Amino acid sequence: MSRLNPRQQEAMQAVSGAVLVLAGAGSGKTSVITRKIAYLIEECGLKGHQILALTFTNKAAREMKERVGQLVTGKAGKGLTVSTFHNLGLNIIRREYAALGYRPGFSIFDASDVLALLKDLTHKEFEAAEDACEPIQYMISNWKNDLVTPVQALAGANGPEQALAARVYEAYEKTLKLYNGVDFDDLILQPVKLFQEREDILQKWQNRVRYLLVDEYQDTNSSQYLLVKQLVGMRSNFTVVGDDDQSIYAWRGARPENLSILRADYPSLKVIMLEQNYRSTGRILKVANELIDHNPHEFSKALWSDKSYGEPIRVISCRNEDAEAERIATEILQQHLQNQGDFKDFAVLYRGNHQSRLMEMKLQAYKVPYKINGGQSFFGRTEVKDIMAYLKLLLNPADDNAFLRIVNTPRREIGAATLEKLVNYASMHSVSLIEACQESSLSHAMSNAAYARVNEFGSWIASLAEQAERDDPIAAVRQMIREMDYEDWMLQTSSGPPMAEKRMANVELLVESLKTSLDKAVDKNDNADMGDAVARLVLLDILERQEEEDDTDRVQLMTLHAAKGLEYPHVFMMGMEEDLLPHRNSIDEGNVEEERRLCYVGITRARQTLTMTLARKRKQFGEMIETTASRFLDELPADDLEWEGRGDEDPAKKVEKGQAALAGLKGLFADL
DNA sequence: TCCTTTCGTATTTTT
DNA sequence: TACGAAAGGA
């Protein structure tokens, strides 16, 4: 798409003041943003380093950078920053850590690190049940996203759970600071607080950003919005692009109302709507529009397309979940054979990750190549978490959390009893655990044998840390992995040698990522050190780049959330049932509107064909449950749907279909 | 201290 | 069903 339509053009050329672009699904918003950046540089005389574009995912940032790179040549574009909110926050903290009261080499605590810390805290200080931690973690995160301090949280607490959570919150913040750690929310929150307190530092950053662009603006939370406002300052030159109908992250603090708040905050706000869709058939858009009309709207828009009307939306009701997955698998295979379609043109979307399991089995059975997007992440793997904890500990001796994770992994015969004594000693003398290990007076607190083991571990880590700082950090890391016989440990803890090998490969991938990250920093003459490399690793940055390269021909499996921003010629949405697509929890919490938007996002991923499936019976907690078709199906225009398996279709057609399916399968088995 | 077994309980989405 | 936590035995 080389030419912009009038609306898009208008959005591109609106360069003074505040601009809100309401970009419907598939309306070419990435084109608008990238073209606008090019326009700013080439027509408005801005330099690349004066422009900042913010996204939510690394992938979006990478894509945008790439596309701008194609449009802008020469050095005017140099220094352009396209980054995620979290990466920007990390960079700010990196530069200003001293003003924020952090020491060098701070650790980023990811969600599971935080949970471990909270468990420890509640156990020790509050005698609360460990399983109360997940809700507490959630509440703390929400408070931080809304810039609520522990004191305010306690004052505004509703009921005993919230009061407890607020007290844990206070202790958590203290401990995190003590550990020289920041969590994900801090990556935004700390810069915002800093900017509130230090006008001079804020000005420094404001001067660097002459123009700001924000993608997926409906996903911003309160602190992110504040950060945007702060950076923009009095100049108020910025463009935000978003779509309230695609707001599906309210549960993690996103405030779609940030869209309408803009009007109040910037009275001269220019609002531009992009409604022409370049992706889907007319019918898919009609169905999507009709569904989303069931939600109340602040800004109402209707997508349209000059493409053909397209094929009916198929809705297939299956006997059970097994038949559902099987049906999708054979359907894909059949369409692949009949139309010579690539496998990568198909996507199977679902609400929850667990739904991928059956689908995977069926695809395997029919030898259909597939790729699961999301689910069990690289960083969720124990071996990766272990090594990351070692890295964090090397860089940040105060990270007791990392210490606790790996003191006894691999086994060093340092058990609960010894650890308790160590923890007591450390808190008595107010030193970190790793420091305590190296103090000789610790020997009085425990048996000689235990002391010897603990001490050995401490000096081992210390010498590695020193070595990493002195010469090649990568060599130090490799040596560390060798010296602790991690491979041996993998062999012991894996289900078999092939498994162990795979896990070691993950470890190697991690080290390689670290290396490329460091090399790159050296190239750019950015004085980034190992700490930065590890920090960025925690933010998933590097690994994703490696995953990127395989663009093999595979069916894509992912959650509806993960599908946002993507598009496929043929889309399957599975599990179109009450309690699953409007998810039970969301129904109970009265969040059906967000579920409807989720469904909308799914529908609008499809370019040519859309197939929705449901199972009449589904296994739940081990027993078969009768399901009800999703209310969203009733909200779609019946004339555009072609039902199958509901019992009211033309019998002749049914036979015809059965035969077609059979023929397809026969062809397949002939191939095998 | 570590490993096995048993029991109980929960399946939403993720930067 | 499938995983994690607690408890008990080596």
Side-chain angles (χ1 to χ4, degrees), chain A residues 54-61 83-90 108-112 114-115 119 123 129-131 133-134 137-138 141 144-145 183-189 215-216 219-221 223-224 246-254 321 349-358 373-377 379-380 382 407-420 447 449-450 453 492-493 536 538-541 544 558-565 575 579-589 591-592 594-595 597-599 601-602 618-625:
Chain A
L54 291 175
T55 65
F56 278 86
T57 64
N58 292 309
K59 199 170 147 203
S83 130
T84 61
F85 272 96
H86 294 269
N87 255 319
L88 172 72
L90 174 63
I108 298 178
F109 279 51
D110 72 15
S112 60
V114 170
L115 191 64
K119 278 185 178 168
H123 183 73
E130 274 194 353
D131 54 359
C133 285
E134 264 138 283
Q137 179 179 22
Y138 179 77
S141 176
K144 292 181 85 159
N145 285 159
D183 62 22
F184 275 16
D185 303 320
D186 280 328
L187 291 175
I188 314 295
L189 180 61
D215 189 21
E216 302 284 12
D219 290 341
T220 51
N221 60 37
S223 58
Q224 284 160 339
Q246 292 186 70
S247 163
I248 53 175
Y249 286 111
W251 52 272
R252 73 169 195 214
E321 51 190 340
L349 311 181
Y350 37 80
R351 178 67 235 260
N353 276 309
H354 64 280
Q355 288 174 268
S356 70
R357 291 213 167 156
L358 255 182
N373 196 334
Q376 159 77 288
S377 90
F379 285 87
T382 46
V407 242
N408 206 27
T409 316
R411 294 274 108 88
R412 293 188 183 90
E413 298 188 297
I414 299 171
T418 310
L419 235 37
E420 202 185 322
S447 75
R453 289 193 289 261
Q492 279 176 51
T493 52
R536 261 183 296 147
V538 177
L539 289 182
L540 289 176
D541 193 13
E544 284 178 353
M558 70 193 91
T559 63
L560 287 161
H561 283 88
K564 194 169 78 158
D579 294 1
L580 208 55
L581 190 39
H583 193 274
R584 180 79 253 160
N585 296 352
S586 298
I587 298 173
D588 292 343
E589 288 160 27
N591 289 336
V592 177
E594 180 148 315
E595 298 286 304
R597 290 192 289 268
L598 199 50
C599 185
V601 165
R618 188 176 288 278
K619 218 179 255 164
Q620 221 167 56
F621 305 128
E623 65 174 333
M624 278 296 199
I625 298 286

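None of these values were measured; they are calculated from a predicted model. To find a chain, count down the sequence lines: A is the first, B the second, and so on, and within it residues start at 1.
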Rounded distance in Å between the C1' positions of C/dA5 and B/dT12: 23 Å
Measure CD/A/Gln355 against C1'/B/dT12 and give the value in whole Å, please. 10 Å
Look at the side-chain N and O atoms of A/Asn591 and state whether any lies under 4.0 Å from the OP1 or OP2 oxygen of B/dT12. no
With a 6.0 Å cut-off (strictly less than), is the heavy-atom count around CZ of A/Arg584, excluding the residue itself, greater than 12? yes
For a quick check of understanding: with a heavy-atom distance under 4.0 Å over all strands, which category does A/Arg411 fall into, base, sugar-phosphate or nothing? sugar-phosphate
Could you tell me the separation between the NZ atom of A/Lys144 and the C1' atom of B/dT15, rounded to a whole number of Å? 15 Å
Between A/Thr559 and B/dT14, is there a side-chain N or O to OP1/OP2 distance below 4.0 Å? yes
When you measure from the side chain of A/Ala417, which nucleotide among B/dT1, C/dC3, B/dT14 comes out closest? B/dT1
With a 3.5 Å cut-off and heavy atoms only, can you find an N or O donor on one side and an acceptor on the other between the side chain of A/Arg252 and the base of B/dT14? no
For A/Arg412 and A/Glu589, take the nucleotide of DNA chain B holding the closest heavy atom to each; which residue's nucleotide lies nearer the 5' end? A/Arg412
For A/Glu595 and B/dT13, what is the distance between atoms CD and P respectively, to the nearest whole Å? 11 Å
Does a distance-only test, which skips hydrogens and angles, find a donor-acceptor pair under 3.5 Å between the side chain of A/His561 and the base of B/dT14? no
Taking any heavy-atom pair under 4.0 Å as a contact, classify A/Ala111: base, sugar-phosphate, or nothing. nothing
Are A/Ser83 and A/Leu54 close enough that some pair of their side-chain heavy atoms sits under 4.5 Å apart? yes
Using side chain to side chain donor-acceptor pair (under 3.5 Å) as the criterion, list what pairs up with A/Asp215, not counting sequence neighbours. A/Lys29
Mind checking what makes ring pair (Phe, Tyr, Trp, His ring centres under 6.0 Å) contact with A/Phe85, not counting sequence neighbours? A/Phe56
Specify the separation, in whole Å, of atom OH of A/Tyr249 and atom P of B/dT14. 6 Å
Nearest-Å distance for atom pair CG/P, residues A/Leu115 and C/dG4: 13 Å
In terms of the nearest nucleotide of DNA chain B, which residue is placed more toward the 5' end: A/His86 or A/Gly415? A/Gly415
Sugar-phosphate, base or nothing in reach of A/Asp219, heavy atoms under 4.0 Å: nothing
Under 4.0 Å, counting only non-hydrogen atoms across every strand here, what does A/Thr84 touch: a base, just sugar-phosphate, or nothing? nothing
Please indicate yes or no: is the ring centre of A/Trp251 less than 5.5 Å from the centre of the six-membered base ring of B/dT13, with the two planes inclined by under 30 degrees? yes
